[in-house]
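Any value given below was found using the heavy atoms of this structure, including those in side chains, with hydrogens, waters and symmetry copies removed. Here is the naming used below: chain letters follow the sequence lines, and residue numbers restart at 1 for every chain.
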2 protein chains.
Amino acid sequence: MSRRSGILEFAVLGLLRESPMHGYELRKRLNTSLGVFRAFSYGTLYPCLKTLVANGWLIEEPGSAPEDARAASLAGRRAKIVYRLTAEGKEHFEELLAHTGPDAWEDEHFAARFAFFGQTSRDVRMRVLEGRRSRLEERLEKMRASLARTRERLDDYTLELQRHGMESVEREVRWLNELIESERAGRDQRNGSAAQDTTGDTDGLPRHRGSSRPDPSDDTAK
Amino acid sequence: MSRRSGILEFAVLGLLRESPMHGYELRKRLNTSLGVFRAFSYGTLYPCLKTLVANGWLIEEPGSAPEDARAASLAGRRAKIVYRLTAEGKEHFEELLAHTGPDAWEDEHFAARFAFFGQTSRDVRMRVLEGRRSRLEERLEKMRASLARTRERLDDYTLELQRHGMESVEREVRWLNELIESERAGRDQRNGSAAQDTTGDTDGLPRHRGSSRPDPSDDTAK
DNA sequence: TTCGTCATGTAATGGGTTACATGATTAC
DNA sequence: GTAATCATGTAACCCATTACATGACGAA
């Protein structure tokens with residue numbers, strides 16, 4: 001029953017849908033692949049896993065037997081408890097994916113939703129992107145209004161902070177515009193045919209230049 | 001005694017240093033002028049004010065008498081409890097301003113510090129800006145490393161999210177570079193003379209183009 | 001007189017971290 | 001054999017929100 005914070009639950013189910021994992025690895029995935037934006041501690045993760053099990057969405061399996069480790073030299077280090085998504089869990093995740101409430105546009109929530117766009121149907125993707133965008137636009141309106149109201153009473157640093165904040169939001173809006181456009185293009189590109197299968201096809205993403213060469217410098221830093 | 005969340009305490013003291021205010025107004029200032037980044041509710045603010053009073057950093061004063069309201073038609077609507085900074089409070093705030101610990105580089109903490117740069121000495125400003133920058137740079141390193149490590153295993157959307165996140169950080173680094181350079185320019189500009197008075201002089205900020213015309217459209221939106 | 005906004009508060013709850021306790025496995 | 005990292009967990013606390021309760025004042 002207990003609701004345990006939408007976003008963590010969502011992300012855990014989403015990651016486990018791809019493949020079973022144990023807690024430790026799950027947390028790493030949460031904080032790297034997915035986690036540009038949010039980090040969870042064990043103190044949050046493990047109890048959450050417990051409740052997901054209690055809800056019947058996950059089952060605990062004994063860690064991969066020693067034989068496994070011999071077989072694949074790398075890959076699966078060695079696990080104690082592997083969590084696997086049940087049929088009900090999968091179903092539940094599907095529901096969460098389809099559900100578009102106004103919570104879905106909020107910062108962290110949105111990022112989590114976006115991270116699983118690969119498994120999201122195109123129309124839901126569109127709704128989420130557009131919802132996010134209008135959320136940001138109304139935020140911009142408020143900022144502009146308050147700025148106009150208070151402008152003169154603020155010192156330069158406060159003003160600069162405000163300006164930078166607004167620019168960040170404006171930038172995200174432009175990003176969303178690109179994404180929405182790409183989604184639309186993707187839709188036009190292969191219209192007419194199959195419109196029914198749940199998950200996304202033709203991912204429609206803009207192409208980008210550089211800004212992330214491999215650069216395998218260190219890795220060992222604390 | 002109780003520590004009540006650095007950042008709120010800090011911001012409250014900072015705002016009250018400029019002028020006495022009552023809770024309601026304080027909260028509005030927190031969420032507009034200062035609050036691009038963070039919103040506090042009454043449930044947080046009022047108890048915090050209580051403990052600040054208990055610490056001797058604030059005193060409660062009865063709200064401005066009716067006469068006041070007659071005198072200034074606008075300005076001070078009507079206050080119940082006005083909070084004013086005590087000498088000890090001022091001193092304490094001064095200490096907080098001067099203190100540069102590694103906490104000061106974290107997202108929200110940094111924003112709060114920046115918002116009060118107007119009352120911060122130039123060298124502390126520099127330390128905070130540079131600390132923040134290197135904090136972001138190490139974050140970038142981690143992101144790059146993890147990206148290089150996992151790149152192939154990620155779907156396009158996850159990758160796009162990552163890319164956008166990194167670009168945001170890179171953008172903030174560029175912003176900090178500008179600010180640091182301006183601070184340095186400010187220093188050079190009037191070197192030699194008085195180097196001792198606590199608070200900042202010569203604010204050194206880069207000039208920017210537009211991105212915030214008044215546009216007094218609505219304001220009434222929920 | 002009723003509605004909106006100003007204004008102050010509190011109790012229940014939520015969501016999460018820290019610090020701690022424990023132990024297995026790998027690499028040196 | 002000892003350090004690092006993998007791995008799992010829990011209890012105590014922290015910070016803040018929500019929802020609620022209360023009431024004064026100004027404008028329609």
Quick test of your reading of the model: are B/Glu167 and A/Arg171 salt-bridged, counting only N-O distances below 4.0 Å?
yes
Tell me: CE of A/Met21 to P of D/dC6, nearest whole Å?
16 Å
Which one, C/dA7, D/dT8, C/dT18, comes nearest to the side chain of A/Ser41?
C/dT18
Whole-Å distance, A/Lys28 NZ to D/dT5 P, equals 11 Å
Against the side chain of B/His22, the closest entry in C/dA7, D/dT8, C/dG16 is C/dA7
For A/Arg135, salt bridge (charged side-chain N to carboxylate O under 4.0 Å, His left out) partners two or more places apart
A/Glu106
Are any protein N/O atoms closer than 3.5 Å to N/O atoms in nucleotides 9-11 of chain C? If there are, list each pair with its distance.
| from | atom 1 | to | atom 2 | distance (Å) |
| --- | --- | --- | --- | --- |
| C/dG9 | OP2 | B/Tyr83 | OH | 3.4 |

Please report, rounded to the nearest Å, how far the P atom of C/dC6 is from the CZ atom of B/Arg29.
15 Å
Would you verify whether the NZ or CZ of B/Arg27 falls within 45 degrees of the ring axis of B/Tyr42 while also being under 6.0 Å from that six-membered ring's centre?
yes
Value in whole Å for how far the C1' atom of C/dA7 lies from CG of B/Leu26
13 Å
Please determine, for the side chain of B/Phe40, which listed nucleotide (D/dC6, D/dA16, C/dC6) has the closest atom?
D/dA16
note: B/Ile7, atom CD1; D/dC15, atom C1'; distance rounded to Å ~ 12 Å
Please state whether the phosphate of C/dG16, meaning OP1 or OP2, lies under 4.0 angstrom from any side-chain nitrogen or oxygen of A/Arg38.
yes
Using whole Å, report how far CZ of B/Arg27 lies from P of C/dT5.
14 Å
Separation of atom CD in A/Glu25 from atom P in D/dA7, rounded to whole Å:
7 Å
Measure CG/B/Leu30 against C1'/D/dA16 and give the value in whole Å, please.
13 Å
Residues forming a salt bridge (charged side-chain N to carboxylate O under 4.0 Å, His left out) with A/Arg174, sequence neighbours excluded:
none
Would you call B/Glu141-B/Arg144 a salt bridge at under 4.0 Å N-O?
yes
Relative to the ring of A/Phe117, is the ring of A/Phe110 parallel (under 30°), tilted (30 to 60°) or perpendicular (over 60°)?
perpendicular
Look at B/Arg122 together with B/Glu183 and state whether they make a salt bridge at an N to O cut-off of under 4.0 Å.
no
